Colleague: 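I have a structure I would like to understand better, so I am pasting it below and will then ask my questions one at a time.
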Amino acid sequence: ALERALERDRPREALALVLEILERLQKIILSPEKTEGREDIYHKRHVAVGIPSMYGRYREEKFEAIGLSFRVESLASVLFDRMISAQNLQYITKSTLQKVAVWMRMLLRALRVEGFRARGLEIRIWMLEQALQARGITVDQYINIFQMISNSIKHLIRTRFLDVYESILERLVTRMRESGVLKGDAEHPESYHLRLGEAFLRDLIAQSFGLQRLDNLVGTIINTLSEERERLDVDTLNLLMTYDVDRCFVQLEQEGTALNGHIYLGNKGFMLKRLAHYGFPVPHGFVLTTEVFRCRRAILAYPELHSEHVK
């Protein structure tokens with residue numbers, strides 16, 4: 001199934017399968033049951049000079065599960081990036097936020113694989129999901145929810161990394177400076193060593209393939225929503241939030257869509273689609289639905305949305 005999803009370029013489907021694999025590997029690694037290791041060691045002597053040497057392999061279920069989890073995490077990182085980069089986040093609509101909620105659930109699973117409990121973060125994601133099911137939620141309310149999610153991420157960073165390593169780094173850098181191992185900026189040694197510690201912590205956080213991506217995603221969402229709020233009036237902003245590009249185009253040959261009626265297609269579009277359905281020689285094409293006209297003001301008012309719509 002994973003190979004098929006990768007071949008068909010479906011990163012979201014592939015990522016769900018990869019996360020399932022990581023969760024299974026985690027169970028193996030954390031299982032209290034003891035596993036037997038097997039050593040296949042072979043001794044030999046170099047033909048030319050007679051130097052003794054040995055080679056072989058060591059196999060043990062938990063050990064191999066750890067090694068495999070590192071490789072699978074690398075694949076998951078690539079799939080996360082491909083999934084998110086495929087979405088234009090220069091503008092945000094309710095449809096976009098629905099996708100974001102799904103991504104965040106996946107990132108939460110990734111954090112759980114890495115050992116984060118993240119209960120507070122889970123509650124905030126649940127709040128977002130509840131807001132998406134409700135009517136009349138404003139952009140300001142969505143921004144508040146994502147700010148709470150951002151605070152939950154900061155709490156995870158604080159408890160998992162800063163509280164654990166800050167004091168250790170301070171003592172370590174001080175001793176290395178006193179012993180002459182660290183030189184740095186002679187005029188401003190304190191600031192240099194502070195930057196050194198910050199760089200170490202940034203690299204450590206970046207190694208968490210779920211946390212770093214979640215933090216970047218939430219920051220992007222907050223910035224875009226704030227920019228929309230500043231640039232658009234209330235009516236246009238509310239219209240933008242209801243916009244869904246997938247409801248703007250319907251192929252004449254497309255079956256099983258909810259956009260088949262007169263309301264979305266108009267009379268001419270509806271009749272052309274029916275003719276194509278019954279096998280008449282209708283040229284390949286698509287119908288521009290009434291959703292475009294309904295959201296026309298928002299499309300024209302927001303350049304990023306207009307350029308993507310035209311493209």
Side-chain angles (χ1 to χ4, degrees), residues 5 7-14 81-104 128-129 131-143 217 220-221 223-311:
E7 290 175 352
R8 295 178 180 178
D9 194 23
R10 296 177 178 175
R12 177 172 157 182
E13 180 182 338
D81 292 339
R82 287 176 58 189
M83 180 179 67
I84 295 174
S85 63
Q87 178 70 40
N88 185 355
L89 295 178
Q90 291 182 305
Y91 69 90
I92 301 294
T93 68
K94 188 173 183 179
S95 175
T96 307
L97 293 180
Q98 289 169 340
K99 295 178 183 177
V100 169
V102 174
W103 300 344
M104 294 181 73
L128 173 62
E129 293 168 341
L132 289 168
Q133 294 177 11
R135 292 187 177 183
I137 303 297
T138 65
V139 170
D140 285 332
Q141 289 174 307
Y142 280 121
I143 291 175
L217 175 62
T220 300
I221 299 297
N223 290 337
T224 303
L225 287 175
S226 300
E227 184 178 351
E228 289 179 354
R229 182 180 58 183
E230 294 296 325
R231 292 171 58 176
L232 303 176
D233 61 79
V234 175
D235 292 338
T236 305
L237 185 57
N238 290 334
L239 193 61
L240 174 63
M241 290 302 294
T242 65
Y243 173 78
D244 185 354
V245 68
D246 294 330
R247 302 175 72 88
C248 292
F249 307 92
V250 176
Q251 295 181 357
L252 291 175
E253 303 84 3
Q254 185 178 356
E255 299 289 344
T257 173
L259 309 177
N260 280 333
H262 288 81
I263 294 177
Y264 284 103
L265 302 180
N267 190 58
K268 292 180 181 178
F270 175 77
M271 294 307 297
L272 281 172
K273 204 166 187 313
R274 297 302 293 172
L275 289 171
H277 173 75
Y278 287 116
F280 285 88
V282 178
H284 295 290
F286 62 90
V287 179
L288 203 61
T289 71
T290 55
E291 183 76 359
V292 177
F293 179 78
R294 185 183 71 84
C295 297
R296 179 174 178 271
R297 183 174 58 187
I299 294 171
L300 295 177
Y302 210 71
E304 290 82 358
L305 180 60
H306 181 258
S307 62
E308 180 173 269
H309 189 89
V310 172
K311 182 174 69 173

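Fair warning: this is a prediction, and the values are worked out from it, not measured in the lab.
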Colleague: Taking all non-hydrogen atoms of both residues into account, name the closest pair between Ala101 and Leu132 and its distance.
Modeller: CB-CD1, 3.9 Å
Colleague: Any donor-acceptor pair under 3.5 Å linking the side chain of Gln141 with the backbone of Thr138?
Modeller: yes
Colleague: Which residue pairs satisfy the salt bridge (Lys or Arg N to Asp or Glu O under 4.0 Å) criterion with at least one member in residues 90-104, sequence neighbours excluded?
Modeller: none
Colleague: Take Leu89 and Ile84, measure what side chain to side chain contact (heavy atoms under 4.5 Å, CB included) needs, and give me the verdict at the end.
Modeller: CA-CA 9 Å; Leu89 295 178; Ile84 295 174; 4.3 Å; yes
Colleague: Using 0.5 Å steps for rounding, measure from the OG1 atom of Thr93 to the CG atom of Leu97.
Modeller: 7.0 Å
Colleague: Is there a side chain to side chain contact (heavy atoms under 4.5 Å, CB included) between Leu217 and Trp103 once you walk through the steps?
Modeller: CA-CA 9 Å; Leu217 175 62; Trp103 300 344; 4.0 Å; yes
Colleague: If only atom types and distance count, is the side chain of Thr224 paired as donor or acceptor with the main-chain N or O of Ile221 below 3.5 Å?
Modeller: no
Colleague: Any chance you could measure Arg231, atom CZ, to Ser226, atom OG, to the nearest 0.5 Å?
Modeller: 12.5 Å
Colleague: Listing request: all ring-ring contact (aromatic ring centres under 6.0 Å, His included) pairs with a residue in residues 271-300, at least two apart in sequence or in separate chains.
Modeller: Phe249-Phe286
Colleague: Using the rule given for side chain to side chain contact (heavy atoms under 4.5 Å, CB included), can you reason through Glu227 versus Asn223, listing the C-alpha separation, both sets of side-chain angles and the distance that settles it, and then say yes or no?
Modeller: CA-CA 6 Å; Glu227 184 178 351; Asn223 290 337; over 6 Å; no
Colleague: How many angstroms lie between atom CD of Glu228 and atom CD1 of Ile143, to the nearest 0.5 angstrom?
Modeller: 8.5 Å
Colleague: For Leu232, does its backbone N or O pair with a side-chain atom of Thr236 as donor and acceptor, under 3.5 Å?
Modeller: no
Colleague: So which atom in Val287 and which in Leu252 form the shortest heavy-atom distance, rounded to 0.1 Å?
Modeller: CG2-CD2, 3.6 Å
Colleague: Working to the nearest 0.5 Å, report the span between OH of Tyr243 and OH of Tyr91.
Modeller: 5.5 Å
Colleague: Would you call Val100 and Gln87 a side-chain contact if the rule is heavy atoms closer than 4.5 Å?
Modeller: no
Colleague: Can you confirm whether more than 12 heavy atoms, excluding those of Ile263, are under 6.0 Å from its CD1 atom?
Modeller: no
Colleague: Closer than 3.5 angstrom, by distance alone: can the side chain of Thr289 be matched with the main-chain N or O of Leu265 as a donor-acceptor pair?
Modeller: no
Colleague: I'd like to check Ile137 versus Tyr142 (side-chain heavy atoms, cut-off strictly below 4.5 Å). Are they in contact?
Modeller: yes
Colleague: To the nearest 0.5 Å, what is the distance between CG on Leu239 and CG on Asp233?
Modeller: 9.5 Å
Colleague: Using the side chain to side chain donor-acceptor pair (under 3.5 Å) rule, collect all pairs that involve residues 290-301, keeping only residues at least two apart or in two chains.
Modeller: Thr242-Arg294, Glu291-Arg294
Colleague: Ignoring hydrogens and angles, tell me if any N or O in the side chain of Glu253 forms a donor-acceptor pair with the backbone of Ala276 under 3.5 Å.
Modeller: no
